[in-house]
K.L.:
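Just passing along the structure, written as structure tokens.
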Amino acid sequence: MRVAGLLVARTLEVVSAAVAEGVTTIELDRLAEAHIRDHGGRPSFPEVPGYRHTLCTSVNEQVVHGIPGERVLRAGDLLSIDCGAIVAGWHGDAAVTVIVGGPEAARPEDLALSRATEDSLYAGIAALQVGKRLYAVGEAVEASIEASGERLGRDLGIVEDYVGHTIGTEMHQDPQIFNYAVRTRGPMVRSGYTGAIEPMVTWGSPDTDVLADGWTVVTADGSRAAHWEHTVAVRDEGLWVLTAVDGGAARLAALGARFAPLS
Ligand code: MG
Ligand code: MG
């Protein structure tokens, strides 16, 4: 899974570097597919019935599942890029949010939203621990988003209509991983567990709609949304963020969580 995860990480690096004003989302999709196939993998999203692209590209008020197409990116657009790959039967799944034109082109609230979402992802990852309950992830994500919201003086919306998932020989496996606190504590995490944590956060209401294309999820109130995701392995020795180039070493250290790669 590290091989698949690293390929997803590198693909997201390549795609993110190609994001610029005037580029279309289908161009990014072709770039991602070529990179995955050139490095011994195959895109996993086409295994989802009815979907045929390598990426989901969700712009501004689009939350997730945006379909790559002829849309031309504009400076200041808030773009989330979700990518999945399979290598030797094992899956990696990750998403990043970037701003077209870079931070200098960004609206300050978009930078803050993206940062808060990524912070909540790592808060959720750090809550993964052998012997603890899986739904501690959602409690940590929610607490992180609430803290960011207080700092920003803004109620951020955690999308509840879509959640993270267990991953391995298939992309979407049970149990799901909520991005918010729920009444139950969930299954016990055991050594060797692998999950994809993926908070989706809005600058307004958490409510969403699906566009007529049957895929694209948008915020009901038109506010912008960010999405960050990593595939993570949990062992007795600690955590390994399989879709981070550094395995999550830097972010985990900053959170006091144990980093435990196998290689
Ligand atoms: Mg994903
Ligand atoms: Mg996922």
K.L.:
How close do Thr243 and Glu229 get, heavy atom to heavy atom, and via which atoms?
P.N.:
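Heavy atoms only, the tightest pair is OG1-O, 4.5 Å.
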K.L.:
Please determine, by modelled atom types, if Glu198 and His165 share a side-chain donor-acceptor pair under 3.5 angstrom.
P.N.:
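There is such a pair (donor and acceptor under 3.5 Å, judged by atom type) between the side chains of Glu198 and His165.
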K.L.:
With sequence neighbours excluded, tell me which residues meet salt bridge (Lys or Arg N to Asp or Glu O under 4.0 Å) with Glu21.
P.N.:
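By the salt bridge (Lys or Arg N to Asp or Glu O under 4.0 Å) rule, Glu21 matches no residue at all.
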K.L.:
Of all the heavy-atom pairs spanning Cys83 and Leu12, show the shortest one and how long it is.
P.N.:
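Reported closest heavy-atom pair: CB-CD2, 3.8 Å.
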K.L.:
Which heavy atom in Ala225 sits nearest to a heavy atom in Thr219, and how many Å separate them?
P.N.:
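Here Ala225 and Thr219 meet closest at CB-CG2, 4.2 Å.
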K.L.:
Hey, are Glu118 and Arg251 close enough for a salt bridge, meaning a charged N less than 4.0 Å from a carboxylate O?
P.N.:
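Yes.
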K.L.:
Applying ring pair (Phe, Tyr, Trp, His ring centres under 6.0 Å), can you list everything that pairs with His230, at least two apart in sequence or on another chain?
P.N.:
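By the ring pair (Phe, Tyr, Trp, His ring centres under 6.0 Å) rule, His230 matches Tyr122.
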K.L.:
Give a yes or no on whether Leu255 and Trp240 share a hydrophobic cluster (residues Ile, Leu, Val, Met, Phe, Trp, Tyr; joining criterion: side-chain heavy atoms under 4.5 Å apart).
P.N.:
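Cluster IDs for Leu255 and Trp240 match.
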K.L.:
Between Glu13 and Arg10, is there a side-chain N and carboxylate O pair less than 4.0 Å apart?
P.N.:
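A salt bridge links Glu13 with Arg10.
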K.L.:
Between Thr231 and Gly92, which heavy-atom pair has the shortest distance, and what is it?
P.N.:
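It is OG1-C, 4.0 Å.
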K.L.:
Could you work out, with side-chain hydrogen bond (donor to acceptor under 3.5 Å, both in side chains) as the rule, every residue matching Ser114, not counting sequence neighbours?
P.N.:
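With sequence neighbours excluded, Ser114 shows a side-chain hydrogen bond (donor to acceptor under 3.5 Å, both in side chains) to Trp228, given in chain and number order.
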K.L.:
Starting from Leu55, can I reach Val8 by hopping between I/L/V/M/F/W/Y residues whose side chains sit under 4.5 Å apart?
P.N.:
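The answer is yes; both residues are in one hydrophobic cluster.
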K.L.:
So, do Ser44 and Glu170 sit near enough that their side-chain heavy atoms are less than 4.5 Å apart?
P.N.:
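No, side chains not in contact.
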K.L.:
If you count the non-hydrogen atoms of other residues, nucleotides and ligands that lie under 6.0 Å from CZ in Arg52, is the total more than 12?
P.N.:
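Open.
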K.L.:
Which heavy-atom pair separates Gly40 from Val87 by the least distance, and what is that distance?
P.N.:
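Minimum heavy-atom separation between Gly40 and Val87: O-CG1, 4.1 Å.
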K.L.:
Could I get the full list of ring pair (Phe, Tyr, Trp, His ring centres under 6.0 Å) partners for Phe45, not counting sequence neighbours?
P.N.:
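In terms of ring pair (Phe, Tyr, Trp, His ring centres under 6.0 Å), with neighbours along the sequence ignored, Phe45 is linked to no residue.
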K.L.:
When you compare the side chains of Thr24 and Glu27, does any donor N or O come within less than 3.5 Å of an acceptor on the partner?
P.N.:
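Note: Thr24 and Glu27 side chains meet the donor-acceptor criterion.
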K.L.:
Using residues 59-71 as the side-chain source, report each donor-acceptor pair under 3.5 Å to any protein atom, sequence neighbours left out, with the distance given to one decimal.
P.N.:
residue	atom	partner	partner atom	Å
Asn60	OD1	Leu78	N	2.7
Asn60	OD1	Arg224	NH2	3.4
Asn60	ND2	Asp77	OD1	3.0
Gln62	OE1	Val59	N	3.0

K.L.:
Looking at every heavy atom in both Val189 and Gln129, which two are closest together, and how far apart are they?
P.N.:
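Closest heavy-atom pair between Val189 and Gln129: CB-O, 3.5 Å.
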K.L.:
Ring pair (Phe, Tyr, Trp, His ring centres under 6.0 Å) with Trp215: which residues, sequence neighbours excluded?
P.N.:
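Expected list: Tyr51.
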